Engineer: 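Sharing a structure here in structure tokens format.
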2 protein chains.
Amino acid sequence: MTGARLEQKERTRRAILDAALALSEDSALVALSLRQVAKEVGIVPTAFYRHFPSIEDLGLALVEESLDSLRALLRELRKPAGVDFRSIIDGSVAVLVEQVGRHHPHFGFIARERFAGPPQVRAAIAHGIGLAEHELSIDLAHLPGTDRWSEQDLQILSSLIVGAMVTTAERLIAAAEDPAAEQQIADMARAHLRMMVIGAMNWRSS
Amino acid sequence: MTGARLEQKERTRRAILDAALALSEDSALVALSLRQVAKEVGIVPTAFYRHFPSIEDLGLALVEESLDSLRALLRELRKPAGVDFRSIIDGSVAVLVEQVGRHHPHFGFIARERFAGPPQVRAAIAHGIGLAEHELSIDLAHLPGTDRWSEQDLQILSSLIVGAMVTTAERLIAAAEDPAAEQQIADMARAHLRMMVIGAMNWRSS
DNA sequence: AGTTTGGGTGTACAGACGTACACCCAAACT
DNA sequence: AGTTTGGGTGTACGTCTGTACACCCAAACT
């Protein structure tokens with residue numbers, strides 16, 4: 001398959017994915033029917049099978065590309081954003097707001113399916129978040145001031161921070177791209193990060 | 001309606017609520033069908049209408065009683081649990097673990113429907129969590145050391161703590177009542193709270 | 001004792017669902 | 001130029017859905 005043929009197929013496939021993302025927005029993946037999606041895309045129900053073996057496989061594809069967006073976010077966050085804590089915090093929150101805004105449907109999908117999705121999907125999302133915690137704990141170990149921190153202390157801090165970031169992302173999604181609300185959520189997120197960092201700097205392992 | 005009659009009706013109603021809670025456990029409220037619930041309960045589909053006008057009303061009733069469990073948790077958490085931070089933290093985490101375990105189906109329901117449920121349900125849950133933040137900020141103001149904190153600083157700390165508690169509750173639910181995992185999650189939650197409190201104690205408003 | 005009430009039953013129907021099958025026809029091959 | 005490939009179509013089927021309707025009968029009333 002080459003040229004225009006493949007191009008058209010890819011276009012329809014994208015349309016299916018987008019339609020599914022849009023239709024599940026105010027409900028859940030499990031409430032999605034093949035016929036609904038097909039109608040939204042503008043194809044006949046049976047044509048759906050040319051692209052996905054079943055609705056569940058569609059769901060898995062959506063998880064896949066949503067987790068891609070999550071990984072892209074993590075990649076951006078890991079880019080060194082400054083030297084002092086203040087600029088690292090400001091930069092991280094800015095990246096979070098920007099990326100969540102850019103891939104709003106994907107992060108919304110993750111938020112909805114994290115606990116309401118099928119077990120396989122829940123596990124994949126949990127794994128993605130676990131990975132973020134792990135990577136953050138590695139990055140934290142390279143920061144000044146954490147020289148004598150134990151592995152466990154690093155995990156405590158990174159899981160605390162990732163948890164707060166997830167909460168912030170969920171708030172941003174629920175804010176439905178209202179700029180004023182986003183501003184307020186970002187302010188709060190920066191304050192949270194500062195408070196956690198202050199806690200970490202004065203931390204004594206017990 | 002009196003005596004045995006009402007008693008029997010209440011028993012069937014409970015059975016419907018429990019069946020709905022159990023059936024939606026590994027999916028979502030929206031995926032629930034009237035006939036499924038009726039079959040699980042052991043009644044004929046049309047008998048369902050003797051108790052609820054529709055599946056959506058069943059959902060609202062479940063939200064209602066799940067939020068009751070949440071309010072019960074908050075009530076328990078507000079009982080003074082000690083004088084030093086350590087015992088307050090230990091007591092709070094113990095209460096959280098105990099209450100989430102006791103009302104596991106309810107908290108699981110809240111976790112699933114918080115972002116995947118219908119707008120009305122999402123709003124009700126968000127309101128419940130907002131209330132928790134507000135109440136905590138009031139309680140924090142009465143604690144020693146927060147005398148000169150601004151309203152905003154209190155909100156920052158309370159939303160940070162509530163966020164962490166919600167995350168902990170979600171982890172407990174996902175742990176599916178595995179005692180070893182619960183222990184680990186509780187340990188982590190205590191560490192998180194300690195770190196946040198240390199951050200708060202060294203906090204300087206900006 | 002006689003009547004009413006109300007939860008539970010059984011049948012019935014229209015609509016939505018997933019999906020099998022035969023078919024069409026333009027793009028891509030030989 | 002002739003053939004194959006493959007995305008999209010249309011019909012058709014059995015299953016599941018919500019729900020309307022007539023009915024039953026023990027509990028609760030008068």
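Protein chains get the first letters and strands the later ones, always in sequence-line order, with residue 1 at the start of each. Quantities reported herein were computed from a predicted structural model and do not represent experimental measurements.
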Engineer: How many whole angstroms separate atom NZ of K9(A) from atom C1' of dT5(D)?
Structural biologist: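 Rounding to the nearest Å, NZ of K9(A) and C1' of dT5(D) are 11 Å apart.
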Engineer: For Q36(A) and dG15(C), what is the distance between atoms CD and C1' respectively, to the nearest whole Å?
Structural biologist: 14 Å
Engineer: Does any non-hydrogen side-chain atom of E10(B) lie less than 4.5 Å from one of E7(B)?
Structural biologist: no
Engineer: What is the distance from OH of Y49(B) to C1' of dG7(C), rounded to the nearest Å?
Structural biologist: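 Checked: the OH to C1' distance equals 16 Å.
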Engineer: With a 4.5 Å limit on heavy-atom distance, are the side chains of V100(A) and E182(A) in contact?
Structural biologist: no
Engineer: Can you name the ring pair (Phe, Tyr, Trp, His ring centres under 6.0 Å) partners of F48(B), sequence neighbours left out?
Structural biologist: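 So F48(B) forms a ring pair (Phe, Tyr, Trp, His ring centres under 6.0 Å) with F52(B).
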Engineer: If you take any heavy atom closer than 4.0 Å to DNA chain D, which residues from residues 10-20 of chain A end up in contact?
Structural biologist: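 Only T12(A) qualify.
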Engineer: Once ring pair (Phe, Tyr, Trp, His ring centres under 6.0 Å) is applied, what residue pairs with a partner in residues 113-142 of chain A remain, sequence neighbours excluded?
Structural biologist: none
Engineer: Not counting sequence neighbours, list each pair that qualifies as a salt bridge (charged side-chain N to carboxylate O under 4.0 Å, His left out) and has a residue in residues 23-39 of chain A.
Structural biologist: none
Engineer: Remember a base hit wins even if backbone is also touched, and classify A47(A) as base, sugar-phosphate or nothing at under 4.0 Å, heavy atoms.
Structural biologist: base
Engineer: Using the salt bridge (charged side-chain N to carboxylate O under 4.0 Å, His left out) criterion, which residues pair with E133(B)? Sequence neighbours excluded.
Structural biologist: R171(A)
Engineer: Show the nearest heavy-atom pair for residues A116(A) and A116(B), with the distance to one decimal.
Structural biologist: CB-CB, 3.5 Å
Engineer: Let me know the distance between CD of E7(A) and P of dG7(D), rounded to the nearest Å.
Structural biologist: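 About 15 Å, once rounded to whole Å.
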Engineer: Round to a whole Å and report the spacing from NZ of K39(B) to C1' of dT9(C).
Structural biologist: 16 Å
Engineer: Decide yes or no, distance alone: a donor-acceptor N/O pair under 3.5 angstrom between the base of dG8(D) and the side-chain of R50(A).
Structural biologist: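 When only heavy-atom distances are counted, R50(A) does reach the base of dG8(D) through a donor-acceptor pair under 3.5 Å.
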Engineer: Of the nucleotides dG18(C), dT5(D), dG18(D), which has the atom closest to the L34(A) side chain?
Structural biologist: dG18(C)
Engineer: Provide, to the nearest angstrom, the distance between the CD1 atom belonging to I43(B) and the P atom belonging to dG6(C).
Structural biologist: 18 Å
Engineer: So which pairs with a foot in residues 98-109 of chain A pass salt bridge (charged side-chain N to carboxylate O under 4.0 Å, His left out), sequence neighbours left out?
Structural biologist: E98(A)-R102(A)
Engineer: Are any of the side-chain nitrogens in E113(A) or R122(A) under 4.0 Å away from the carboxylate oxygens of its partner?
Structural biologist: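 Salt bridge between E113(A) and R122(A), a charged N being under 4.0 Å from a carboxylate O: no.
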Engineer: Does a donor on one side chain and an acceptor on the other come within less than 3.5 Å for H192(B) and S159(A)?
Structural biologist: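 Side-chain D/A pair, H192(B) to S159(A): present.
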Engineer: For A31(B), what residues pass the side chain to side chain contact (heavy atoms under 4.5 Å, CB included) criterion, not counting sequence neighbours?
Structural biologist: V30(A), S27(B)
Engineer: Report the residues that fulfil side-chain hydrogen bond (donor to acceptor under 3.5 Å, both in side chains) with E65(A), sequence neighbours left out, ordered by chain and then residue number.
Structural biologist: R14(A), H106(A)
Engineer: Reckon Q8(A) has a side-chain N or O less than 4.0 Å from the OP1 or OP2 of dA26(C)?
Structural biologist: no
Engineer: From CG of L58(A) over to P of dT19(C), roughly how many Å is that when rounded to an integer?
Structural biologist: 12 Å
Engineer: F52(B) CZ to dT19(D) P: how many Å, rounded?
Structural biologist: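 For the pair F52(B) CZ and dT19(D) P, the rounded distance is 15 Å.
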Engineer: Could you write out each protein N or O paired with an N or O of nucleotides 10-13 of chain D at a distance under 3.5 Å?
Structural biologist:
{"residue": "dG10(D)", "atom": "O6", "partner": "T46(A)", "partner atom": "OG1", "Å": "2.9"}

Engineer: Would you say the side chains of D57(B) and S54(B) form a donor-acceptor pair under 3.5 Å?
Structural biologist: yes
Engineer: For H51(A) and for P53(B), locate the closest nucleotide of DNA chain D by heavy-atom distance; then report the residue assigned to the nucleotide nearer the 5' terminus.
Structural biologist: H51(A)
Engineer: Look for any protein N or O under 3.5 Å of an N or O in nucleotides 1-3 of chain C and output each such pair with its distance, or none.
Structural biologist:
none

Engineer: For DNA chain C, just give me the dot-bracket, please: Watson-Crick or G-U, both distances below 3.5 Å, ( ) intra-strand, [ ] crossing earlier pairs, | paired with another strand, . unpaired.
Structural biologist: ||||||||||||||||||||||||||||||
Engineer: Got a sec, which residues hit side chain to side chain contact (heavy atoms under 4.5 Å, CB included) with Y49(A), two or more places apart in sequence or on another chain?
Structural biologist: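 For Y49(A) the side chain to side chain contact (heavy atoms under 4.5 Å, CB included) partners, ignoring immediate neighbours, are L34(A).
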